[in-house]
Structures are given as C-alpha cells and as structure tokens.
Amino acid sequence: MHVPDGFISAPWSLATGVVAAGAVALALRGARRELDDRTAPLAGLVATFVFAGQMVNFPVAAGTSGHLLGGALAAVLVGPWTATLCLTVVLLVQALLFADGGLTALGTNVTLMGVIGVWVGYAVFRVTARALTAAATRHRRPRPFIPVAAGVGAFASVPAAAAGFALLFAVGGTAPIALSTLLSAMVGVHLAIGVGEAVITALVVGSVLAVRPDLVHGARGLLPTPTLVSHAEARS
Amino acid sequence: MSHSPEVSATTTRAARTWWALGLGIALLVTGVISRFASSAPDGLERVAEDHGIAGQAVESVGLLSYEGATALLGLGLVLVLTSALSWTVRTRER
C-alpha cells in the first residue's frame with residue numbers, strides 16, 4: 001500500500017503533507033490522554049510489531065500479495081492517537097531507510113495508513129464492540145467480543161485506505177484513469193487483503209487480551225470490572 | 001493509586017517478562033516468518049501495473065533492504081523512536 005514518489009502530483013503531495021503534519025500535531029496532544037507509565041512501553045512494542053508485520057506479505061490472489069497495515073491493531077491496543085504516532089514512525093523509518101514509500105509521498109502514506117486506516121479501523125471497532133456487547137448483555141451473557149470487533153475494524157480499514165488512495169489519485173494523480181475504474185480495482189483487491197488484516201488483528205488482540213486485558217485500550221469500559229468486596233459485605 | 005512495594009515489584013517484573021515476550025515475537029516475525037513472505041506485488045502495485053500507473057513511479061534508492069541485520073536495524077530504530085516519543089508525551093503519575 002506504500003505510495004512511491006511520482007504517483008501523486010507535487011501540490012497534492014504537499015496537501016497530504018499538511019494533513020499528515022496536522023494529524024501528527026493533534027495526535028501528540030491526544031496521545032497524552034492515552035499513555036501513562038503503564039501503557040507507554042506498549043506503544044513501542046506495538047509500532048515494532050506493525051513494522052515487522054508490514055514486512056511479511058501474504059498471497060491474496062495469483063500474482064498479488066498484501067501485508068498488515070496495522071492501523072486498527074495499534075488503535076485497539078494503544079488508542080487511536082497513539083496509533084497515528086506509531087504508524088507515522090513506522091512509515092518514516094520505511095521511507096528514510098528502506099525507500100519503502102517515497103519521501104515526497106510520506107504525507108500521502110501517513111494520511112492513508114496512519115490517519116484513514118487508524119481512524120476508520122478504530123471507529124468501526126468501537127461501533128461493532130458496543131453493538132456486540134449490548135447484544136450479549138441482552139442474552140444475559142455479557143461478553144465484550146473485543147477480538148472479533150477488532151477484526152471487523154481491521155477488515156474495514158484496508159479498503160478504506162485503498163479508497164482514500166483512489167480518491168486522491170483522481171484529483172492529484174499523474175496518470176489519466178477514471179475514478180470508478182481505479183476505485184473498484186483498489187477496493188476489490190484490498191477487500192481480500194482486509195481478510196488477512198482481520199485475522200492477524202483478531203489473533204493479536206485476542207492474545208494480548210488473554211495475558212494483559214488491563215493494557216488493551218479498546219477494552220476500557222467494555223470489560224466487566226472486577227469489584228472488591230469486603231468479607232463483611234460478602235457475608236451479609 | 002498506591003501499591004505496596006512487594007506488589008509493584010511483582011507487577012514490574014511481570015510487565016518486563018511480558019514486554020520481552022512481545023519483542024521476541026516481533027523478532028521472530030522479522031527473522032523467521034518474513035522468509036516465507038510472498039514476493040508478489042502488493043495490492044497497490046498490482047492495481048498500478050494493471051492500470052498503467054506503475055510507470056509513473058520514481059524509484060528512489062533505499063539505503064537498506066529488508067534483509068537480516070538491516071531489517072533488525074529498522075526494527076530497533078522503530079522501537080527506540082516510538083518508545084522515546086510515547087515516554088515523552090505520556091501523562092506522568094503524581
């Protein structure tokens with residue numbers, strides 16, 4: 001999904017650069033509320049895992065592969081503001097050291113994966129998690145289904161970022177192509193990649209939740225909180 | 001929030017173990033699982049090739065490629081940068 005140099009015109013690359021810089025500035029403020037002494041170490045780990053995951057391409061069709069974007073995964077684990085920062089660091093290192101994604105396309109890539117991918121993924125995760133929790137509570141089996149909801153958010157985040165690219169290319173692309181053609185091609189292939197994204201995200205969120213449910217940002221307010229009951233209260 | 005010293009010592013140790021385990025998994029993905037990665041073009045590259053966009057790409061020369069030690073260098077850099085950033089912006093206790 002990394003956009004190379006030359007795909008997007010200079011003015012639009014500048015525009016996405018401004019969007020990305022604004023998003024990072026907001027994220028630096030927003031992340032303050034998400035990170036404390038306990039959760040801050042997790043952010044480094046999450047970014048590292050996303051960087052590692054993005055190196056592993058899985059096949060989706062003959063001659064086509066996809067890889068984890070990690071925006072939804074990071075948002076569920078450490079919160080969406082911190083996730084935008086994590087993805088930005090990953091994309092920065094990739095562009096600077098590995099020429100994976102162009103330097104002039106850094107703003108574009110941060111906008112697509114670090115903003116659209118993160119926030120669409122997180123929004124769909126929240127809506128799904130609330131709906132599933134409410135449904136389960138109605139059936140008197142309160143369970144938050146957080147890994148499932150994380151998978152649904154992750155699935156949505158990939159075609160959303162792909163659609164973002166198609167829309168951007170329609171206004172600032174350097175080759176003539178009809179929006180409808182590019183949009184359907186991009187969304188089509190990225191729906192398949194989204195399935196892989198969903199599986200990886202659900203598995204990782206499920207694993208972290210099993211070991212350290214207290215650290216999962218997306219689980220806050222959804223997991224039943226253990227209440228302390230004194231002996232006297234318990235007996236009465 | 002106040003913890004007794006023994007409790008917070010235990011939680012710190014558990015947190016370190018857990019954190020090291022997470023890092024180990026990231027290293028495993030980089031060092032071992034990435035060997036089995038598909039080398040086929042990814043979704044964007046495929047679409048760009050199919051629709052005559054690929055030729056617009058200006059190939060920039062990367063300093064490094066994702067192989068062995070260099071991949072680990074990238075991994076370490078991401079870890080250090082993000083950790084420093086998140087540790088700086090975090091809400092401090094007390």
Side-chain angles (χ1 to χ4, degrees), chain A residues 1-7 28 31-33 35-41 43-49 51-53 55-60 63-67 82 85-86 89-90 92-94 96-100 102-103 162 165 169 173-175 177 181-182 185-186 189-190 193 211-212, chain B residues 11 14-16 18-19 21-23 25-30 33-34 36-48 50-66 70-71 73-93:
Chain A
M1 171 77 77
H2 295 65
V3 178
D5 287 322
F7 271 25
L28 283 169
R32 225 177 279 170
R33 291 192 300 273
L35 297 168
D36 54 30
D37 288 0
R38 245 167 12 91
T39 55
L45 206 53
V46 164
T48 308
F49 186 83
F51 182 84
M55 281 190 277
V56 183
N57 284 56
F58 49 83
V60 286
T64 310
S65 70
H67 60 74
T82 309
L85 295 181
C86 289
V89 171
V90 168
L92 185 73
V93 170
Q94 287 170 336
L96 282 176
L97 288 187
F98 299 93
D100 190 11
L103 265 185
F165 171 78
F169 200 86
T174 50
I177 178 172
T181 310
L182 185 57
M186 278 300 284
V189 65
H190 286 91
I193 297 172
V211 200
R212 292 295 304 270
Chain B
T11 29
R16 281 205 192 118
W18 189 88
W19 194 88
L21 188 72
L23 188 61
I25 292 169
L27 287 172
L28 191 73
V29 170
T30 308
I33 300 177
S34 67
F36 301 99
S38 165
S39 56
D42 75 8
L44 175 64
E45 290 163 346
R46 163 58 52 205
V47 171
D50 292 351
H51 293 86
I53 303 172
Q56 296 302 114
V58 178
E59 285 305 327
S60 34
V61 183
L63 289 167
L64 308 168
S65 60
Y66 294 122
T70 55
L73 180 74
L75 204 74
L77 198 60
V78 168
L79 179 66
V80 169
L81 285 177
T82 318
S83 299
L85 191 63
S86 57
W87 199 249
T88 308
V89 303
R90 81 190 195 283
T91 307
R92 286 157 179 82
E93 274 172 30

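Given the structure is predicted, the values throughout are model-derived calculations rather than measurements. Every chain is numbered from 1 and lettered A, B, ... according to where its sequence line falls, protein lines coming before strand lines.
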Non-hydrogen atoms of chain A under 4.5 Å away: do they reach the side chain of B:Ala71, the backbone, both or neither?
both
Leading residue by heavy atom contact count with chain B [cutoff under 4.5 Å; candidates A:Pro41, A:Ala43, A:Gly173]:
A:Pro41
Is it the backbone or the side chain of B:Val47 that comes under 4.5 Å from a heavy atom of chain A, or both, or neither?
side chain
Please determine, among B:Val89, B:Thr82, B:Leu64, the option with the most heavy-atom pairs under 4.5 Å with chain A.
B:Leu64
Considering only heavy atoms, which portion of B:Ser65 lies under 4.5 Å from any heavy atom of chain A: side chain, backbone, both, or neither?
backbone
Compare every heavy atom of A:Thr48 with every heavy atom of B:Val78, then report the nearest pair and how far apart it is.
CG1-N, 3.9 Å
Distance, nearest 0.5 Å, that separates OG1 of A:Thr82 from CG of B:Leu85:
9.0 Å
Chain A contact via B:Leu28 - side chain, backbone, both or neither, heavy atoms under 4.5 Å
neither
Kindly compute the distance separating CG (A:Leu97) from OG1 (B:Thr70), expressed to the nearest 0.5 Å.
9.5 Å
Is A:Val46 in contact with chain B via its backbone, its side chain, both, or neither, using a 4.5 Å heavy-atom distance?
neither
Interchain contact, A:Leu28 with chain B, by part (heavy-atom threshold 4.5 Å):
both
Measure A:Val189 against the heavy atoms of chain B and call it side chain, backbone, both or neither at under 4.5 Å.
side chain
What one should report as the nearest heavy-atom pair of B:Leu44 and A:Met186 is CD1-CE, 3.7 Å
Identify the two heavy atoms, one from B:Thr30 and one from A:Ala52, that lie closest to each other, and give their separation to 0.1 Å.
OG1-CB, 3.5 Å
Segment of A:Leu96 engaging chain B (4.5 angstrom heavy-atom cut-off):
backbone
What distance separates B:Arg92 CZ from A:Asp36 CG, expressed to the nearest 0.5 Å?
11.5 Å
Indicate the atoms forming the closest heavy-atom contact of B:Arg46 with A:Gly63, along with that distance.
NH2-O, 2.9 Å
Residue pair A:Leu45 / B:Leu79: nearest heavy atoms and the distance that separates them
N-CD1, 4.2 Å
What's the spacing between B:Thr88 OG1 and A:Leu35 CG if we round to 0.5 Å?
10.5 Å
Taking the inter-plane angle between the rings of B:Tyr66 and A:Phe98 on a 0 to 90° scale, is it parallel (under 30°), tilted (30 to 60°) or perpendicular (over 60°)?
parallel
Identify the heavy atoms of A:Phe7 and B:Ile53 that sit nearest to each other, and give their distance.
CE1-O, 3.5 Å
d(B:Asp50 CG, A:Thr181 OG1) to nearest 0.5 Å is 12.0 Å
Working to the nearest 0.5 Å, report the span between CZ of A:Phe169 and CD of B:Gln56.
6.5 Å
Set of residues satisfying salt bridge (Lys or Arg N to Asp or Glu O under 4.0 Å) with respect to B:Arg90, sequence neighbours excluded
A:Asp37
For the side chain of B:Thr91 and the backbone of A:Arg32, is there at least one donor-acceptor N/O pair under 3.5 Å apart?
yes
